[in-house]
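Okay, so here's the structure we're looking at.
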2 protein chains.
Amino acid sequence: MSKKNSEKILGKCVIQEILDIIGGKWSMSIIFALLHGTKRFNELQKLVTNINTRMLVKELKNMEENGIVIREVFATVPPTVQYTLTEKGRKLEPSLTELFKWGEEFVN
Amino acid sequence: MSKKNSEKILGKCVIQEILDIIGGKWSMSIIFALLHGTKRFNELQKLVTNINTRMLVKELKNMEENGIVIREVFATVPPTVQYTLTEKGRKLEPSLTELFKWGEEFVN
DNA sequence: CTGAATCCCCAGCGATACTG
DNA sequence: CAGTATCGCTGGGGATTCAG
């Protein structure tokens, strides 16, 4: 990492903005779950261990506003809602992969 | 990312443990600052914009307990304390670099 | 099935003043 | 210089219930 970049990070606080988007307790887990493809609300709740309805709704809404996921509603009975990662969301995969590699090596 | 890995992440909540270590508001900024080498408490406070004494102390202590940084005290007058990234800490650089690349491309 | 609405709690964070 | 010690807040997060 160049010195120029580190100045940007610390000076303009890019990190803070990044954390606003994916720093939530469940954001990264949700993104992970969506990396394998579109999921329904229901499926996400099962995949992301211990998350409750309220937080899942909240994080998904937040992620939608930040252009990380796309929300598609189908007027069926019962209702069906699908969540899909956007390009912006999918491009987080390298970051998450690196973090995960680090976790595997050093956590515990 | 393999399906096997994603199960580990979501099932055993590795992400949560990672976020416990580097999910704090200032942790990543501090690590960034330390990537260029050992820094004194004083220097860190100048480099990490807008952080206050209490939080800097707290994060550094937390990072020390998690084996991210090493704290060295010199019995000089006035006192000198140096903080240095450990191997474990330095190996976070790829993750931070990826996150930063993403931020540069998509934030704003 | 997919949320919206409430209520509530506490941990994370900030500001400031003080000390060896 | 490098922290401690207090005080206070606010908002992130949890549990639960209701609704279309």
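All values derive from a computational prediction rather than experimental measurement. Proteins get letters first, then strands, A, B, ... in listed order; numbering begins at 1 in each.
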### Query
What is the distance from CD of Glu72(A) to C1' of dT2(C), rounded to the nearest Å?
15 Å
## Note on the structure
Bend of the helix from dC1(C)-dG20(D) to dG20(C)-dC1(D) from end-axis comparison, five pairs per end, nearest 10°, comes to 50°
### Message
To the closest 0.5 Å, what do you measure between CG (Asp20(A)) and CG (Asn66(A))?
### Response
8.5 Å
### Task
Start with the C-alpha distance between Lys61(A) and Glu65(A), add both sets of side-chain angles, then the distance that settles salt bridge (charged side-chain N to carboxylate O under 4.0 Å, His left out), and finish with yes or no.
CA-CA 6 Å; Lys61(A) 184 174 295 180; Glu65(A) 286 170 359; over 6 Å; no
### Arg71(A) side-chain proximity, nearest of dG3(C), dG3(D), dA4(C)
dG3(C)
### Task
Send over the distance from Asn62(A) CG to dG3(C) C1', rounded to a whole Å.
16 Å
#### Entry: Side-chain donor-acceptor pair present, Glu59(A), Ser27(A), cut-off under 3.5 Å
yes
### Query
Looking across every strand, which nucleic acid part, if any, lies under 4.0 Å from Phe74(B) by heavy atom: base, sugar-phosphate, or nothing?
nothing
### Query
When the distance from CG of Asn42(A) to C1' of dC1(C) is rounded to whole Å, what number comes out?
7 Å
### Message
Output the rounded distance in Å from CD (Glu43(A)) to P (dC1(C)).
### Response
11 Å
### Query
Where does the angle between the aromatic ring planes of Phe32(A) and Phe100(A) fall among parallel (under 30°), tilted (30 to 60°) and perpendicular (over 60°)?
perpendicular
### Query
Out of curiosity, Ile68(B) CD1 to Leu92(B) CG, how far, rounded to the nearest 0.5 Å?
5.0 Å
## Note on the structure
A correct 5'-to-3' footprint of nucleotides 6-20 of chain D, with B, S and - meaning base, sugar-phosphate only and no protein heavy atom under 4.0 Å, is B------BBB----B
### Query
In Å and rounded to the nearest 0.5 Å, what is the CZ to CG distance from Phe41(B) to Leu60(B)?
6.5 Å
### Task
Take atom CG of Leu60(A) and atom P of dG3(C), then tell me their distance rounded to the nearest Å.
8 Å
### Task
Please report, rounded to the nearest Å, how far the P atom of dA2(D) is from the CG atom of Leu56(B).
10 Å
### Nearest-0.5 Å distance, CD1 of residue Ile22(B) to CD1 of residue Ile30(B)
12.5 Å
### Query
Are the side chain of Thr38(B) and the backbone of Gln82(B) linked by a donor-acceptor contact shorter than 3.5 Å?
no
